[in-house]
Amino acid sequence: MGSECDLGGFEQVVLETLKRCQQQNESTLVWVMEVAKCIRSLGVALPCLELGQVLVSQLCFDDNNSSLWKFVELALSSGLLYPLHVLSLLTSRILPHRRSQPKAYRLYLELLSRYAFSFNPGKADACKEKITKSVDVALQLSQLYRIRVLELGQAFVLFFFSMIIGLIDSTLDDWGLHMTPTDGPSLVLGSTDHHDMDIDFKGSHNVKGNEHHEKMRTTNSFTAIEVLGKLTESRKAMVILRLVHLNMPVNFSGLLQRLQFLEASELVSPHLNSANQLLAKLSANIQRVMGFEYQLNRSQLSGSLLDIASCKPVSCFHSQFGQSACWAPFDIYMENAMDGKQLPIKSAVDVLTEAIKTLQAFNQASWQETFLALWLSALRLVQRERDPPEGPIPRLEARLCVLLSIVPLAITNVLEDEAKLCHSSTAGATFTGSVESGYGHKMNGKGCASRKDGLISSLQILGHFSGLLCPPLSVTDAANTAARKAASFITNAKNQRDIIRGGSLVDASIKAGYVSAPIISLSDSSSHDKSPWLMFMEGAPLNGSLIDYLIMNPASSLAEIEKLFSIALNGSEEEKSAAAKILCGASLSRGWNIQEHVVRFVVKLLSPPIPPSHTGPGSHLVDDMSMLCALLFGASSIDTVHILSLHGAVPEVAASLMPLCEVFGSLKPASRNKSSKDDEPSIYMVFSFAFLYLLRLWKFYRPPLEQCISERGVAVRGELTLEYLLLLRNRSIASCQVETYSNPNQSEPASGKPIYIDSYPKLRAWYCQNKSCIASTLAGLSSGNPVHQVANKILSMIYWKMTKSAASSGNSSTPTSGSACESPRSTGEDAYQRPVLPAWEVLEAIPFVLEAILTACANGRLSSRDLTTGLRDLVDFLPASLAAIVSYFSAEVTRGIWKPVAMNGKDWPSPAAILPSMESEIKAVLAAVGVDAPSCSTGNSPIMLPLPMAALVSLTITFKLDKSLEYIHSVAGLALEHCASGCPWPSMHIIGSLWAQKIRRWHNFIVVSSSRSIFRQNKEAIAQLLRSCFTSFLGSLNISTSSLSNQSSVNGLLGSTISVGGGGSSVAPGFLFLRSCRTIHNVHYVSDIIVGLVAEYARNLASRWASTDSPRLKSSQASLSIASVRAREVATLGASLLCVTGGVQLVQELFRNTIPTWLISSRKQKLHKVSVVSRIVEGYAMAYLLILSGAIVWGVEAKLTTCAFSRRARAVGVHMDFLAGVLEGNISLGCDPATWKAYLSCLVGLMVRFAPAWIQEVKLETLRKLACGLRGWHECELAISLLERGGTAAIGSVAELLNVIS
C-alpha cells in the first residue's frame, strides 16, 4: 500500500464499499463491518492509515455528509482508525477552511472533544513510524517547534498543543482580533478562507443557507472555546501542557501571550463579553498547569515524607530561630571561610548568593525567613570573635567584612536576579499568575518586590534577638562610623544596586544593635568642622597628619576612592606612595559600604598602566617602585589578604603579582656600597613582597602529599597550581567581558587580556625548579656552572657572617631574636660581603646552599647556632629566600632521610620547660570534644625533631613579632605547621612549645593549633570528633526525651565564642573540625564516617516515634513531621561537613562510590532489630544528603560553567545508571529493601522538586528504566514527574504513561 497506485486502488475499493452501503440504506455499524472485511481481504493491518487518508479527503469536502461523519466516529471507536492520525489530518485541513466549512468545523470539534485523549501506543505498534511521520507532516511539527519528531508520544503531545493554539488563533481570527505571537505562526495564519467564506460545501448560494452558515460560524467560535475548556480541565491535559511548559517554555509563553491578549481585549470585542465565563474557565485551567504538582503516593511512607512541609520548628520571632540545622550551611560556610590557612579562590559573594537561593528552596521558606537566617548566621560569626585567642589569624575585620559587605552584596545579587526575572517576564508578556522559578517553587507574577519585602521585614525582626545584639566593644565605634558613611552613600548613590547595598547596611546596623539611630540622624551635620576626607576632596595636599587620618578612617564614597586611585597613578612619587597606603588602610578593611570597589582599585593598582611619558627599554613598573612597595606592604597584612580573598580577588591578584615578580626579580639591586635609608624601598624588598604574596595565594608550602591526594584511583584534591589560578582569572575576565557587553553598568575587569605563566620565563623557571626539588633530591652541579658560582657567593656571605658573629658573641646555643627581614642595610663592612645579583639567580641557587649547610651540620662541620645564623642572614639579605627555605625543608622532612636531632637546649632550643603543660592542655582540648588523644610523652627519651624541621623552627623563632613582619610570619607560620605534618605526631607539640616560649600571648592559640595535628592521620580521632559534631548539634542518641530542640544548636556545634577560660582554650567540636578538615589526608574516610553517622542518627531518631514492628508511626502526621524534620537536620549537617572537607571531588565520590557502596554493603550483622519506619527514614535521610551535597557544590540551576556542568552531569549520570542497574536486577544490594525503596523514591522526588535541571543531564534510557521501576512500586506520578523533566526527548515517554493517570 506504499505506492500511489496501490493507494489509488485501495481508495477505489473503499469508496465503492461505502457507496454500496449507502445505496442499500445500511446502518453505519454495517458500514464499519463491511469496510473492515474489505480491509482484511486486502491484507492491510489495523488501524488502517490509508483508510484515514481516504475518509479525510472525502470529508474535506467533496462528499461532506452526516453519515460519513458518523462512520468516522464509529471507525475511531472500533479501532479501524487511529484517533491521533485522523484528528491531525482533520486539524490541518479543516482549521484553515473553517469559515467556508462551518458544518465540518462543528463536527470536527465534536470528534475532538471525544477522541483527543484516545491515545494508546500499544494499538499502533505495527505502524508507529508511519503515524508519527504522517502527523509530523500534516501539522509541520518539526518546523514549528524545531525538534525532530521521532516518537509517537512526541507527536501526540505536540499535536495536542498545536490543536489548542490553532483553536485559540481561529477564534481570535473569527472575532476580528489580530495579534502577532512571539512563538511564530500557527495553523490558521496565512489562510485565504475569507474570500470564499460565503460558499457552502455544496455550492448553494441561497440567502437562507448563508444565514444559517453565518450563525453556525458564530456558534463555532464559542464551541471551540468550550471544547478547549473541557479538554484542558482534565488531568491528562495538565500533564501534556506541563510537559510543554517545562521543556518548551518559549512555545508555552506564546500560549500565555494569547490568553493575556484575550483578557486585554474584553472591552473591545462584544464576543468576549458573551464568552467571558468560557474564557475564564480556560484561563483558570492554564493557570493550574503552572502551579500543578503531582500528588505522591501517600500510602507509601516515603511519599508522605516528601510531602511534609518545610521544617519550621519555631517562629521567626523566637530567639531560637536560625539555630535549626536547615540553616546550618550558612554558619558552617561562614566560619570555614574565616580559616586563615585557607584563602578561598571563589568569591564569598557568589557562594553565598547560590547558598541563599538553594537553602530557600530546600527549606521551602519565605524570603523573610531566609534573609533573617542569613543575618543571624553573620551576627553569630562576629559574636564568636568576642574574646578569641590571640595569634596570626584573621581577626574581627574579616568577620565584619562578611556581615557588612559580603552578605549585603549576596542579598543584592538575589534581588537583582528577581528583578531580571520580572523584567524578562514582562518583556515576554507572560501570563499574570505564578511563574516557575526553577527551584520547584512559584513566584507570584504580580509581586516583583517579594524578595525586597522579605529583606526589609527580616531586618525589622532582628530586634527580637537580644542575645546577638551586643556587639564586641572593639567594633561599636567602627560600625557607627560605617553607618553614617552608608547613610551619606545612599544619598549620593548612582544606581539602584548601590542604594540596596547602602540601605541594607544601614538597616542591618541599626536593627542589629551595632548602631543607634540618633547617631545616624545627627550624622556629620552637627559638626562645624570640615571632615578631613572633605578637605582632601577639595584639594588639600596629602601631608603627614592628613595621610595618617585618611589611613585610619575609611572613605565615605566611591568618588574619594576614585580620586585616590588617580593620585596613585598620576601624582608625585610621594603622593603615589601615600595614596597607596591610604587605599590599603581603613577604607579597605572597614569601608564596608564601598569595600568591593576599594578591592577592585587595589587590584587594578597592582598592574599600573604604561604612562604615555614612559620611554626606554626598562619596565614602567620600576618608575612606580615606591607606590608598589607601599601598596604591597599594606595589602600583605593577614586581615587584608583574607578580605581580598573573600571578595574573590585571589586569581586576579595572583595574575597581577606575576609581572612584578618577573620584572623586579630580574633586576640587580643598587650598588652594595650605596647607602640607603631603612624605609626606602629597594628592588629586593618589592620583589620579596610580591613573591611571598604570590606564594601565599598558591599555598606552595604544602607537602606533596597534601597538594594532590589520590585514593581508590580518584584524585580527591586537585593540585592547586599557578596555572590553575591563572585559568580561573582568565575565565573570570572572559565572563566579565560578556557581562560588560550585555550590561553597560557592569564594571570592567582590571585587564582584559588572558595571562599565562609562559609569559614570565624567570618565574616559570623557578616554578619548575621548585617542583623538581619537591619531587626528588638535588642533582650535583659542576664547578663551572653559573648556579654553582652564585651558590658559592651566597655561602661566602653566610660563612663570613658566621665568622663575624662568632667573634662578636659568646657560645650560646640558642639563637637570639633580632631585626629580621627589615630592609637590608648596605653600609659598612657587611655591604661589601653581599653579592649584587638579581633575585631570581639567588633563589635558583638557594636549594644548593641549603643542602650544603644542612649536610655540613649533619656531619658536625657546622654548629646548629651557625646554621640558624646563616639561614637568618640569608633571609635578611633577601626576604623572598624564605620561600625557597620553606620549600626545601618541607620536601626534605617529607622524604625522611635526615636523622633527628635532640632539642636539648645545648645544640638546639629546648621546649622542655613547658612541654608537659602544653601536652596536658592539648589533651584537655581534645577531651572536651570527645577525642581520646594517645599519650605523646617521651618519658626519659630525649625530645627529637628531624634536622630540617629543627633548623626551620629555630629560624622562625628568631623573627621579631612585629606588625611590619606579618608578610613573613604568614608564610613561616603556616609552612611550619604543614612541614610538621611530615614528622611523627607529637612533633607539633614540640614546635608549639618552642613558639609558646617565645610569644606568651599566643599560648592559647598555639594550644588549639597543636591540638589539630592529631587529625591528619589518626582515623579514630577523626571519627570521635565527627560524632561529637553530630552530638553537639543534634543531641545525644542516648537521651530519653523525644525532643532534641533544647539540646541542639549551631552554638553547640561551632561555639558562641572562641573563648579562653580557666587558663586553657575551649573550642566547640565543629569549630575544631573546620580548622582541621582540610589537612586530613584520607578524606574518603571522613566521607564514610559522615554517611555512617547520618544513617545511624536517622534510624535512631525515627525509632523514637515508631512502633517496633509496624511501618506506622505512633501519632500519624505530627510524628511523621518530626521524624522527617530530624532526618533533614541530620542530612543537612552531614552534607555541610562533607562539602567543606572535600568539596566537589568528595561530592563526586559520594555520587559515584560512597552511596552505592553503602547500599551494596550488608549491615545485618551490625544492627540490632530496627523498625521498618527507621529504615525508611534512613533511606530518606541518605537521599537528602546526596541531593543537598550536590546542590551545595554545583547549585541546582542549569547555568554552570562547562567544566562544572560536565562534572555534575557525569556524577549524576553514573549514580542514576547504578540505580537503574539495581532495578533491572543487575546489581544486588545488601541494605534492607525498605531502605532501598525509600532511598530511590525520595531521591527522585527530591531531584524533581529541588534539582530538576540535573534530570536533563541523565540519559533518556536510564530515566525510562527508573520510571518503569517506580511504576512497579505504584509510584506512577513520581515516574511521570521524573520523565517530564527529561527534556524534549522524554516527552514521548511521558505521553505513553498518560493512560495510567486517573
Side-chain angles (χ1 to χ4, degrees), residues 316 319 321-324 326-339 344 347-357 359-360 365 367-386 388 394-415 454-456 458-472 475-476 478-479 482-483 486 500-501 503-515 590 592-593 595-596 642-643 646-647 1049-1051 1053-1058 1070-1071 1074 1136:
C316 62
S319 61
F321 179 84
Q323 294 275 3
S324 170
C326 60
W327 303 112
F330 282 150
D331 292 83
I332 291 173
Y333 169 74
M334 291 179 188
E335 188 56 60
N336 187 57
M338 291 298 101
D339 187 357
S347 167
V349 177
D350 295 338
V351 174
L352 273 182
T353 300
E354 291 303 316
I356 291 168
K357 295 186 287 186
L359 292 181
Q360 188 268 342
W367 286 109
Q368 178 199 66
E369 293 166 329
T370 304
F371 290 139
L372 178 59
L374 180 67
W375 286 120
L376 294 178
S377 296
L379 287 169
R380 282 193 293 267
L381 181 75
V382 175
Q383 287 295 325
R384 285 187 209 107
E385 191 73 9
R386 183 177 294 277
R395 310 296 303 177
L396 192 58
E397 288 177 345
R399 293 176 182 264
L400 286 170
C401 166
V402 173
L403 172 64
L404 299 176
S405 181
I406 299 298
V407 167
L409 282 170
I411 292 175
T412 302
N413 287 345
V414 173
L415 299 182
L455 171 63
I456 295 171
S458 71
L459 291 168
Q460 293 169 343
I461 296 173
L462 278 179
H464 295 270
F465 297 87
S466 57
L468 295 174
L469 301 186
C470 298
V475 306
T476 305
I500 294 172
R501 278 287 327 282
S504 298
L505 176 58
V506 173
D507 286 343
S509 300
I510 296 173
K511 304 304 179 186
Y514 281 70
V515 186
R590 299 198 306 276
W592 299 298
N593 58 316
Q595 194 172 63
E596 74 273 22
H642 210 75
I643 288 170
L646 289 172
H647 283 278
S1049 69
V1050 171
N1051 287 338
L1053 177 70
L1054 300 176
S1056 55
T1057 59
I1058 310 169
F1071 179 86
L1074 293 182
S1136 302

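Just so it is clear, the model here is predicted, and its values are computed rather than measured.
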Close side-chain approach of [X] and [Y], heavy atoms under 4.5 Å:
X	Y	answer
His647	Cys401	yes
Arg384	Asp331	yes
Ile332	Leu1053	yes
Leu459	Leu372	no
Trp375	Pro408	yes
Leu379	Leu462	yes
Ile411	Trp367	no
Leu352	Met334	yes

Item to check | Trace of the side chain to side chain contact (heavy atoms under 4.5 Å, CB included) decision for Leu400 with Arg590 | outcome: CA-CA 8 Å; Leu400 286 170; Arg590 299 198 306 276; 6.0 Å; no

Between [atom1] on residue [X] and [atom2] on residue [Y], distance to nearest 0.5 Å:
X	Y	atom1	atom2	value
Gln368	Ile456	CD	CD1	11.5 Å
Arg380	Asn1051	CZ	CG	6.0 Å
Leu359	Glu354	CG	CD	11.0 Å
Ile461	Glu369	CD1	CD	8.5 Å
Ser347	Ile406	OG	CD1	6.0 Å

Next on the checklist: Using the side chain to side chain contact (heavy atoms under 4.5 Å, CB included) criterion, which residues pair with Ala398? Sequence neighbours excluded.
Outcome noted: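 With sequence neighbours excluded, Ala398 shows a side chain to side chain contact (heavy atoms under 4.5 Å, CB included) to Met338, Pro394, Asp639, His642, given in chain and number order.
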
Item to check | Which residues share a side chain to side chain contact (heavy atoms under 4.5 Å, CB included) with Thr353, sequence neighbours left out | outcome: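 Partners of Thr353 under the side chain to side chain contact (heavy atoms under 4.5 Å, CB included) test: Val349, Lys357, Ala410, Asn413, Val414, Asp417.
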
Item to check | All pairs passing salt bridge (charged side-chain N to carboxylate O under 4.0 Å, His left out) where residues 398-407 contributes a residue, at least two apart | outcome: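 Pairs touching residues 398-407 that pass the test: Glu335-Arg399, Glu385-Arg399.
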
Checklist entry - Step by step, would you call Leu404 with Asn593 a side chain to side chain contact (heavy atoms under 4.5 Å, CB included)? => result CA-CA 7 Å; Leu404 299 176; Asn593 58 316; over 6 Å; no

Checklist entry - Between Asp339 and Leu1074, is a side chain to side chain contact (heavy atoms under 4.5 Å, CB included) present by the stated rule, with each step listed? => result CA-CA 8 Å; Asp339 187 357; Leu1074 293 182; over 6 Å; no

Checklist entry - Which heavy atom of Trp327 sits nearest a heavy atom of Ser377, and at what distance? => result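 Closest heavy-atom pair between Trp327 and Ser377: O-OG, 4.3 Å.
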
Checklist entry - If every non-hydrogen atom of Phe371 is compared with every non-hydrogen atom of Gly454, which pair is closest and at what distance? => result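 Taking every non-hydrogen atom into account, CD1-C, 3.8 Å.
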
Next on the checklist: Using modelled atom types and a 3.5 Å cut-off, is there a donor and acceptor pairing between side-chain atoms of Gln360 and backbone atoms of Thr370?
Outcome noted: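 Looks like no, no N/O pair under 3.5 Å.
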
